[in-house]
Amino acid sequence: MVKKICPVCDLPVNEVNYCPRCRRVVKKPISWEVNYLLNEKRNQQAMPADLPQAGRLTLNQPAANPSVTGKRQSNTLLFILILAFAIVIMAGVIFSCAVYSVAFDENDYETATGYDDYGYRDLDETEVIAAGERCSGFDHFEADGRGIADSMAQFLEKGDYGYHISSNETYSDNYEMNEDSGPVTYYETVESVYLIPNTADGESSDEEEYEYVDINYDTATGELHRYVSYLGNQEASLAYLEQFLMLTEAACGIQTEQSSIPSIMEQAQSRLNQQEGAYILEGIFDINLYFYEDRIQIYVSYNNPEAVKNQET
């Protein structure tokens, strides 16, 4: 069978190409031909279709002892028959479970979202906007995410960092999940810019790449949630990050002398030069940087400095 896989985290996406790990709609999922069950590892072979039949099971019965009375021989035979019957029943149950597992794997997995155990509930975008209340699942920058998304798109279009814009897409994902503290809402609108590396002559490459820059903001209020980039070019990763940080600090009214950007960029540059990831907490920014073999992924979310101070005291 064929499964659709997120190219970033290697987890299956659901029927609308939504990845639960990356929390984004995957534009071009990878199609993998697989023949393993859900609870098997990928390097294992699939369970054979012709499972052993109960009639093929054998019992190692002990040889008859002439000194044993007929009554004891009869009891022994009865015990063996009961044991054989139990084994036949158990084999039938195992076979039924295996068939059910295969059937579920082949027919239902593509449409299963995997959120039933968490009280997942989709919310209507129109109703979320009409209510006008920010979600409770994300921390929010005091900045207009829509304006920053527009400015970043213009910067990416004009910037010369070895990329050509493939497409600009916007999607909204609004849902509620039950947690120990009660229902938590997530109102996400994501503006994505998909990029393709240029060839040596400056033209865009025909090879399909999966590189992007995302701006995530609140569907109801437009307040900025986070920034995500997934790129193979280190120079571009740092340049796009710095531009986003500058736009966000300006929108939040942070003056140049109070800026955290120089420290952030120095740390990020140093860690990438060493081909290492990093966790950077500076000013209003909470930054996670992941270094993969051929990609650099950067997450930026809001950090409340006052909340950190209160926790430290």
Side-chain angles (χ1 to χ4, degrees), residues 6 8 13-29 111-157 165-195 212-230 240 243-254 284-286 298-304 307:
C6 173
V8 179
V13 299
N14 66 8
E15 72 279 3
V16 294
N17 293 345
Y18 182 80
C19 174
R21 175 72 175 274
C22 298
R23 299 233 306 247
R24 60 176 287 115
V25 173
V26 177
K27 180 185 177 186
K28 296 178 181 179
T111 59
T113 60
Y115 289 124
D116 293 343
D117 294 338
Y118 301 96
Y120 176 85
R121 183 169 67 94
D122 276 317
L123 301 175
D124 182 79
E125 179 181 0
T126 303
E127 295 178 359
V128 167
I129 295 174
E133 297 181 1
R134 62 161 58 171
C135 66
S136 59
F138 282 102
D139 290 324
H140 298 71
F141 288 93
E142 295 180 4
D144 179 14
R146 290 165 290 204
I148 290 179
D150 290 341
S151 297
M152 280 299 300
Q154 295 175 22
F155 179 79
L156 295 175
E157 186 174 2
I165 294 180
S166 170
S167 63
N168 299 69
E169 297 183 6
T170 302
Y171 68 90
S172 182
D173 188 25
N174 309 286
Y175 54 96
E176 178 184 271
M177 297 184 74
N178 286 329
E179 297 187 4
D180 293 339
S181 58
V184 178
T185 54
Y186 297 86
Y187 306 151
E188 299 183 69
T189 295
V190 181
E191 295 196 24
S192 300
V193 179
Y194 292 91
L195 303 165
Y212 60 85
V213 173
D214 282 354
I215 302 296
N216 183 316
Y217 54 82
D218 195 297
T219 302
T221 65
E223 294 170 288
L224 179 64
H225 283 158
R226 65 181 179 182
Y227 163 94
V228 182
S229 68
Y230 185 71
Y240 298 163
Q243 179 67 14
F244 169 77
L245 299 179
M246 291 171 59
L247 291 171
T248 304
E249 281 197 344
C252 292
I254 296 177
I284 61 172
F285 301 111
D286 185 322
I298 300 175
Y299 289 86
V300 183
S301 56
Y302 177 67
N303 169 57
N304 187 340

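Note that this is a predicted model, so its numbers are computed, not measured.
Ala149 approaches Tyr217 most closely through the heavy-atom pair CB-CE2, 4.4 Å. Closest approach of Gly145 and Ile215 over heavy atoms only: O-CG2, 3.8 Å. Val184 and Gly137 get closest at one heavy-atom pair: CG1-CA, 3.5 Å. Heavy-atom minimum distance, His225 versus Tyr187: CE1-O, 3.0 Å. Contact detail for Ile284 and Cys252: the closest heavy-atom pair is CD1-SG, 4.0 Å.
Separation of atoms CG (Leu123) and OG1 (Thr126) is listed at 12.0 Å; rounding is to 0.5 Å. Interatomic distance, Gln243 CD to Gln154 CD, rounded to the nearest 0.5 Å: 10.0 Å. Asn216 contributes atom CG, which lies 10.5 Å from atom CD of Glu191 (distance to the nearest 0.5 angstrom). Within the model, atoms CZ of Arg226 and OG1 of Thr248 stand 14.5 Å from one another, a figure rounded to the nearest 0.5 Å.
Contact check for Ser192 versus Tyr171: side-chain heavy atoms found under the 4.5 Å cut-off. Two residues are said to be in side-chain contact when any heavy atoms from C-beta on lie closer than 4.5 Å; Pro183 and Arg121 fail this criterion.
Listed for the Ser172 side chain is no donor-acceptor partner under 3.5 Å among the backbone atoms of Thr189.
Residues satisfying the side chain to side chain contact (heavy atoms under 4.5 Å, CB included) test with Ile165, not counting sequence neighbours, are Leu156, Glu157, Asn168, Val193, Leu195. With sequence neighbours left out, the side chain to side chain contact (heavy atoms under 4.5 Å, CB included) criterion links Arg134 to His140, Asp218, Thr221, Glu223.
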Would Tyr240 and Phe155 satisfy side-chain contact (heavy atoms from CB on, under 4.5 Å), going step by step from the backbone distance to the final call?
CA-CA 8 Å; Tyr240 298 163; Phe155 179 79; 3.7 Å; yes
Output, in order, the C-alpha distance, side-chain angles, deciding distance and verdict of side-chain contact (heavy atoms from CB on, under 4.5 Å) for Glu249 and Leu245.
CA-CA 6 Å; Glu249 281 197 344; Leu245 299 179; 5.6 Å; no
When you look at Val190 and Asp173, which way does the side-chain contact (heavy atoms from CB on, under 4.5 Å) test go after all the steps?
CA-CA 8 Å; Val190 181; Asp173 188 25; over 6 Å; no
For Glu125 and Asn174: C-alpha separation, side-chain torsions, deciding distance, then whether side chain to side chain donor-acceptor pair (under 3.5 Å) applies.
CA-CA 6 Å; Glu125 179 181 0; Asn174 309 286; 4.9 Å; no
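Using bins of under 30°, 30° to 60° and over 60° for the plane-to-plane angle, the ring pair Tyr175/Tyr186 lands in the parallel bin.
Among Phe244, Tyr299, Phe141, Tyr212, the one residue that satisfies the ring-ring contact (aromatic ring centres under 6.0 Å, His included) test with Tyr227 is Phe244.
Among residue pairs with one or both ends in residues 136-154, those qualifying as salt bridge (charged side-chain N to carboxylate O under 4.0 Å, His left out) are Asp144-Arg146; sequence neighbours excluded.
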